[in-house]
2 protein chains.
Amino acid sequence: MRPRRADAARNYDQLVAAAAEAFAREGAEASLEEIARRAGVGSATLHRHFPSRQALLTAVFHDRVEALCRQARESAGSAEPGTALTGWLRSVGASVAGTRGLASSLVPGTDNACHLMMAEAGDVLLTRARRAGAVRAEVSIGDLLTLVVAISMTVEHRPGADGSEAERLLGLAIDGIRQLRQG
Amino acid sequence: MRPRRADAARNYDQLVAAAAEAFAREGAEASLEEIARRAGVGSATLHRHFPSRQALLTAVFHDRVEALCRQARESAGSAEPGTALTGWLRSVGASVAGTRGLASSLVPGTDNACHLMMAEAGDVLLTRARRAGAVRAEVSIGDLLTLVVAISMTVEHRPGADGSEAERLLGLAIDGIRQLRQG
DNA sequence: ACCTGAACACCGTTCAAGT
DNA sequence: ACCTGAACACCGTTCAAGT
């Protein structure tokens, strides 16, 4: 929650800005102390506004995640059910692979707004694809997001990896969720 | 390298034993300082024997990884090429999902004996499966191990996850590497 | 209400001094 | 050769004191 009082609101914004920069530069494990320092704020102030690292990640990536959810709703109206889902997953994968820290903002949790938004938006595409017989019945939206996050986070933590590797691996995993022809 | 001198060899063994226990209890990020303490050894002694966390992980899981590699060689002689590969990957996934820290011992690296052993053993199965037309041509053994490690590590880091979730997700990913029928 | 700096309890790594 | 304990430079979190 962004505070109402002017000085507190300013600190909040500066913390989010400093965190965005730090996550982009050093990944989701960037030092909270240094984020506070760069925001020109005491470390206790950071902890009051953001009681956990997750809360800070959520604040930083909220808009980005919202854009991905909007994209899901748009493609639900236009594209064919199966390709709408897989296309969206690939798009999410590309975003996550190209944005350090974004994957960490999506880890499951009932108090994680980013994850909840994505699960809700993605579930619409999944349900539609399932009705069309385009995906296996036993796959949940949680499974799909976990695969995207797992692959992106792992590749992200590797020193010499570019995003293209994550996208290729994700492509393989996505094919696995498609309805297999019998035989 | 296990030292030759008696006192150093004893310290080495106690460090590996303490690390095995710590990794099992707290995962691959267990405190190195506490491992040294439990081994009854100064922290500097740990760092000389194992200059990186990775080196300690490798030492702890070397035998386990060797067993998985032996399993690969055995199934290469007996089973049908496609199922030999996917069966082995599932078996690796089950081991990794049921053994905290094991996934971390498998991250790629030219100096990581565990990863090198697995890549070599797995490549035999993969090449055989590819010749039989059972898997897509563009998939590498690195891809397959990365998928297994990515899924297992991610699920492992989640508070409320049991190994069965990792195995189910891995099943999906493995299906993705199978040769798709055209159309 | 909100902030700050200091205090606390931890890390991993390195190094001088010992045997 | 090998070990130890202390020192160093960091963490994240909390709390008394300030405005």
Side-chain angles (χ1 to χ4, degrees), chain A residues 1-60 100-101 104-105 107 109 111-112 157 159, chain B residues 1-60 100-101 104-105 107 109 111-112 157 159:
Chain A
M1 229 22 56
R2 186 168 179 280
R4 279 197 241 78
R5 230 177 75 168
D7 57 345
R10 187 167 7 96
N11 283 341
Y12 180 97
D13 293 340
Q14 276 163 343
L15 280 166
V16 172
E21 209 185 316
F23 291 151
R25 205 176 47 245
E26 319 191 13
E29 273 81 33
S31 158
L32 298 181
E33 220 173 49
E34 205 198 323
I35 289 172
R37 216 178 303 135
R38 296 224 186 198
V41 147
S43 62
T45 299
L46 183 152
H47 280 89
R48 189 163 0 80
H49 284 304
F50 307 99
S52 66
R53 180 182 295 273
Q54 206 44 244
L56 191 51
L57 284 164
T58 298
V60 166
R100 292 190 97 182
S104 298
S105 81
V107 299
D111 57 343
N112 180 0
H157 283 331
Chain B
M1 229 21 57
R2 187 169 179 279
R4 279 196 241 81
R5 229 177 76 168
D7 56 345
R10 186 164 10 93
N11 283 342
Y12 181 98
D13 293 341
Q14 274 162 345
L15 280 166
V16 172
E21 209 185 317
F23 291 150
R25 203 175 49 245
E26 318 191 13
E29 273 82 33
S31 158
L32 297 181
E33 219 173 51
E34 205 197 322
I35 289 172
R37 217 178 302 134
R38 296 225 187 197
V41 148
S43 62
T45 300
L46 183 152
H47 279 89
R48 189 165 358 84
H49 285 304
F50 306 101
S52 67
R53 182 181 294 273
Q54 206 43 245
L56 192 50
L57 284 163
T58 299
V60 166
R100 293 190 97 181
S104 299
S105 81
V107 300
D111 56 343
N112 180 358
H157 283 331

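We use all heavy atoms of the structure for the numbers below, so side chains are in, but hydrogens, waters and symmetry mates are not. On a predicted model such as this, the values are computed, not experimentally measured, just so you know. Lettering of chains follows the sequences in order, A, B, ..., and the numbering in each one begins at 1.
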Sorted by chain and residue number, the side chain to side chain contact (heavy atoms under 4.5 Å, CB included) partners of A/A20 (sequence neighbours excluded) come out as A/V60
Expected rows: protein N/O vs nucleotides 13-15 of chain C N/O, under 3.5 Å:
from   : atom 1 : to    : atom 2 : distance (Å)
C/dT13 : OP2    : B/H47 : NE2    : 2.5

Counting the atoms with a prime plus P, OP1 and OP2 as sugar-phosphate, which does B/S31 contact under 4.0 Å by heavy atoms, base, sugar-phosphate, or nothing? sugar-phosphate
Between atom CZ in B/R37 and atom P in D/dC3, what is the gap in whole Å? 19 Å
Test your reading of the model: is there a side-chain donor-acceptor pair from A/N112 to the backbone of A/V107, 3.5 Å cut-off? yes
Can you list everything that forms a side chain to side chain contact (heavy atoms under 4.5 Å, CB included) with B/E26? Sequence neighbours excluded, please. B/A30, B/E34
Under the side-chain hydrogen bond (donor to acceptor under 3.5 Å, both in side chains) test, residues paired with B/R37 that sit two or more places apart: none
In chain order, what residues pass the side chain to side chain contact (heavy atoms under 4.5 Å, CB included) check against B/Q14, with sequence neighbours excluded? B/R10, B/N11, B/A39
Rounded to the Å, how far apart are B/E29 CD and D/dC11 P? 18 Å
For A/A24, side chain to side chain contact (heavy atoms under 4.5 Å, CB included) partners two or more places apart: none
For A/V41 and A/L46, the nearest pair of non-hydrogen atoms, with its separation, is CG1-N, 4.3 Å
Nearest whole Å is fine: how far is D/dC10 P from A/E26 CD? 13 Å
Those residues that, when tested against B/R53, pass salt bridge (Lys or Arg N to Asp or Glu O under 4.0 Å) (two or more places apart): none
What pairs meet the salt bridge (charged side-chain N to carboxylate O under 4.0 Å, His left out) rule with one or both residues in residues 11-21 of chain A, with sequence neighbours excluded? A/R2-A/D13, A/E21-A/R25
Should A/H49 be listed as having a side-chain N or O under 4.0 Å from OP1 or OP2 of C/dC3? yes
Does anything in residues 2-13 of chain B come within less than 4.0 Å of DNA chain D? Heavy atoms only, and list the residues if so. B/R5, B/D7, B/A8, B/N11
A side-chain contact here means heavy atoms from C-beta on lying under 4.5 Å apart; do A/I35 and A/F23 qualify? yes
Between C/dG12 atom P and B/L56 atom CG, what is the distance in whole Å? 11 Å
Please list each protein N or O that sits under 3.5 Å from an N or O in nucleotides 16-19 of chain D, with the distance.
none

Using Watson-Crick or G-U wobble pairs with both distances under 3.5 Å, give me DNA chain D in dot-bracket, 5' to 3', with [ ] for crossers and | for pairs to another strand. ||.|||||...|||||.||
How many whole angstroms separate atom CZ of A/R48 from atom C1' of D/dG12? 16 Å
Between C1' on C/dT4 and CD on A/Q14, what's the gap in Å once rounded to a whole number? 15 Å
Name all pairs fulfilling the ring pair (Phe, Tyr, Trp, His ring centres under 6.0 Å) condition that reach into residues 28-49 of chain B, sequence neighbours left out, sorted by first residue then second. B/Y12-B/H49
